[in-house]
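Only one structure is covered here, and it is reproduced in the block below.
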Amino acid sequence: MEIQIIKTRRKTVSLEVKRDGSVIVRAPLRMPQREIQEFIESHRSWIEHKCRLMEKRRAQSVSTGAPPVDEISGKEWEKIREAFAGRVDYYCKKMDVQVGRITIRNQKTRWGSCSAKGNVNFNYQLYYMPPELMDYVIVHELAHRSHMDHSALFWEEVARYCPEYAVYRNQLKKYEIV
C-alpha cells in the first residue's frame, strides 16, 4: 500500500483514506520520519479497514451519467445553467429566501455549497441525475440561507420543502463524483 506523506505547518498528525483508496498522512514539518512510520504502523489496521471500505463503496457506486466537463458544448452548458437557475428561482420563491450568485462547477467532493454571502454552487453532474436529487441538493443549499449549519432547525426546513429528503440523501451517497 502506497502512502503519501505531506509535511505541513501543523501541530498534529492526520490520516486520510481517499475514495480512490489512496492514503495521505499529514505531519508537522519537524516530525522525524521514524515517528511518522511509527504512527502509520500503529494505525495500520484502521488504514486497511478504511481502504477495504472505500473499495466496497467504489464497487457499489453508481455513475452520474455526466459527460466529462471538456466534452460539454457551450450550448449544453447554457442548458445546465438555465436548469439550475430555474429550479433555484422556483425554490427561492417557495422558501422565501434570496441568493447571490449561482455557479455551476465541476466540484470534486461536493454536490453543492452555500456561502455566508448567499452565493450557491452546484456540481454540474446533478443535471444528469434524477431531477429529485437535484431538487434535494438545491433545497438543502437554500435552507442554509436560514440556518448556516446542520442543526435540527436546518433539517426541519429541508423537510418542509423536501419531505423525502432522507431517501434522496441516501440515494445521493451511492453516486460517485467523477
Side-chain angles (χ1 to χ4, degrees), residues 1-10 12-27 40 43 46-72 76-77 79-81 83-85 87-88 91 97 99-151 154-155 157-158 162 164-178:
M1 156 186 348
E2 189 175 317
I3 298 176
Q4 179 184 8
I5 298 171
I6 301 172
K7 289 196 170 190
T8 62
R9 295 175 65 163
R10 58 182 299 134
T12 60
V13 183
S14 73
L15 266 174
E16 179 183 7
V17 177
K18 297 183 109 21
R19 192 173 177 112
D20 66 0
S22 61
V23 180
I24 299 173
V25 175
R26 289 183 174 80
I40 292 169
H43 290 82
W46 181 89
I47 294 169
E48 290 170 351
H49 169 74
K50 290 294 180 184
C51 285
R52 285 191 300 274
L53 184 66
M54 292 302 178
E55 188 176 324
K56 183 178 173 184
R57 281 187 185 165
R58 276 193 318 276
Q60 295 173 342
S61 69
V62 177
S63 169
T64 63
V69 144
D70 57 354
E71 293 179 14
I72 299 174
E76 184 75 3
W77 268 114
K79 284 173 58 179
I80 293 169
R81 281 189 204 97
F84 275 99
R87 298 311 287 163
V88 168
Y91 281 109
V97 296
V99 297
R101 236 183 4 251
I102 301 169
T103 307
I104 313 304
R105 294 194 166 119
N106 181 21
Q107 296 167 300
K108 301 294 181 200
T109 59
R110 295 175 181 226
W111 295 114
S113 61
C114 178
S115 75
K117 291 181 178 179
N119 297 323
V120 288
N121 301 301
F122 298 102
N123 192 313
Y124 85 99
Q125 294 179 57
L126 284 167
Y127 175 78
Y128 297 93
M129 296 163 60
E132 61 272 14
L133 298 182
M134 182 172 147
D135 281 356
Y136 159 67
V137 173
I138 290 170
V139 168
H140 180 111
E141 298 312 331
L142 295 182
H144 282 307
R145 297 300 296 131
S146 302
H147 308 280
M148 280 302 285
D149 55 21
H150 289 110
S151 64
F154 167 83
W155 290 111
E157 182 81 0
V158 172
C162 185
E164 299 291 318
Y165 81 87
V167 172
Y168 301 146
R169 190 170 181 221
N170 284 330
Q171 286 177 3
L172 209 50
K173 289 177 184 177
K174 295 176 183 174
Y175 285 87
E176 184 174 6
I177 298 176
V178 290

Using 0.5 Å steps for rounding, measure from the OH atom of Tyr127 to the CE atom of Met134. 8.5 Å
Hits for salt bridge (charged side-chain N to carboxylate O under 4.0 Å, His left out) against Lys173, two or more places apart or cross-chain, chain-then-number order -> none
Note: Arg145 and Ala116 closest approach over all heavy atoms is NH1-O, 3.9 Å
Enter the distance from His140:NE2 to Tyr91:OH here, rounded to the nearest 0.5 Å. 14.5 Å
Tell me whether the count of non-hydrogen atoms from other residues, nucleotides or ligands lying under 6.0 Å of CZ in Arg110 goes above 12. no
Over 12 foreign heavy atoms within 6.0 Å of CD, Glu48: yes
Is there a side-chain contact between Tyr136 and Pro130, using heavy atoms and a 4.5 Å cut-off? no
Assess the residue pair Glu76 and Ile80 against the criterion (side-chain contact (heavy atoms from CB on, under 4.5 Å)); give the C-alpha distance rounded to whole Å, side-chain angles, the decisive distance to 0.1 Å, and a yes or no. CA-CA 6 Å; Glu76 184 75 3; Ile80 293 169; 4.2 Å; yes
Over all atoms of both residues, closest heavy-atom pair of Val17 and Ile47: CG2-O, 4.4 Å
Ring geometry between Phe154 and His144 (parallel below 30°, tilted from 30 to 60°, perpendicular above 60°): parallel
Can you measure from CD1 (Ile102) to CD1 (Ile138) and round to the nearest 0.5 angstrom? 8.5 Å
Within a 6.0 Å radius of atom NZ on Lys79, are there more than 12 heavy atoms belonging to other residues, nucleotides or ligands? no
To check you understand the geometry: which heavy-atom pair defines the closest contact between Gln125 and Glu176, and what is its length? OE1-O, 4.1 Å
Nearest heavy-atom pair of Ser146 and Val97: which atoms, and what distance? OG-CG1, 4.0 Å
How many angstroms lie between CZ in Phe84 and OG1 in Thr103, if you round to the nearest 0.5 Å? 11.5 Å
Verify the neighbour count for atom CZ of Arg57: are there more than 12 heavy atoms of other residues, nucleotides or ligands below 6.0 Å? no
Taking the side chain as every heavy atom from C-beta outward, state whether Ile177 and Thr109 have any pair of such atoms under 4.5 Å apart. no
Whether the side chain of Glu16 engages the backbone of Ile24 through a donor-acceptor N/O pair (distance < 3.5 Å, no angle test) should be reported. no
Does the side chain of Phe122 come within less than 4.5 Å of Arg87's, by heavy atoms? no
Can you tell me how the ring of Trp155 sits relative to the ring of His150, calling it parallel under 30°, perpendicular over 60° and tilted otherwise? parallel
Walk me through it: do Asp135 and Tyr168 pass the test side-chain contact (heavy atoms from CB on, under 4.5 Å)? CA-CA 9 Å; Asp135 281 356; Tyr168 301 146; over 6 Å; no
Would you say the ring centers of Tyr124 and Trp77 fall short of 6.0 Å from each other? yes
From Asn121 atom CG to Arg105 atom CZ, the distance as rounded to the nearest 0.5 Å: 4.0 Å
How far apart are the C-alpha atoms of Val139 and Tyr165, what are their side-chain angles, what is the distance that settles it, and do they pass the side-chain contact (heavy atoms from CB on, under 4.5 Å) test? CA-CA 9 Å; Val139 168; Tyr165 81 87; over 6 Å; no
Side chains of Glu157 and His147: does their closest heavy-atom pair fall under 4.5 Å? yes
Nearest atoms (heavy-atom pairs only) where Asn123 meets Gln107: ND2-O, 2.8 Å
Considering all heavy atoms of both residues, which atom of Leu126 and which atom of Leu133 are nearest to each other, and what is their separation? CD2-O, 4.3 Å
Distance check, rounded to the nearest 0.5 Å: Glu132 atom CD versus Gln171 atom CD? 6.0 Å
Could you walk me through whether Arg10 and Arg26 satisfy the side-chain contact (heavy atoms from CB on, under 4.5 Å) test, starting with their C-alpha distance in whole Å, then the side-chain angles of each, then the deciding distance to 0.1 Å, before giving a yes or no? CA-CA 8 Å; Arg10 58 182 299 134; Arg26 289 183 174 80; 3.7 Å; yes
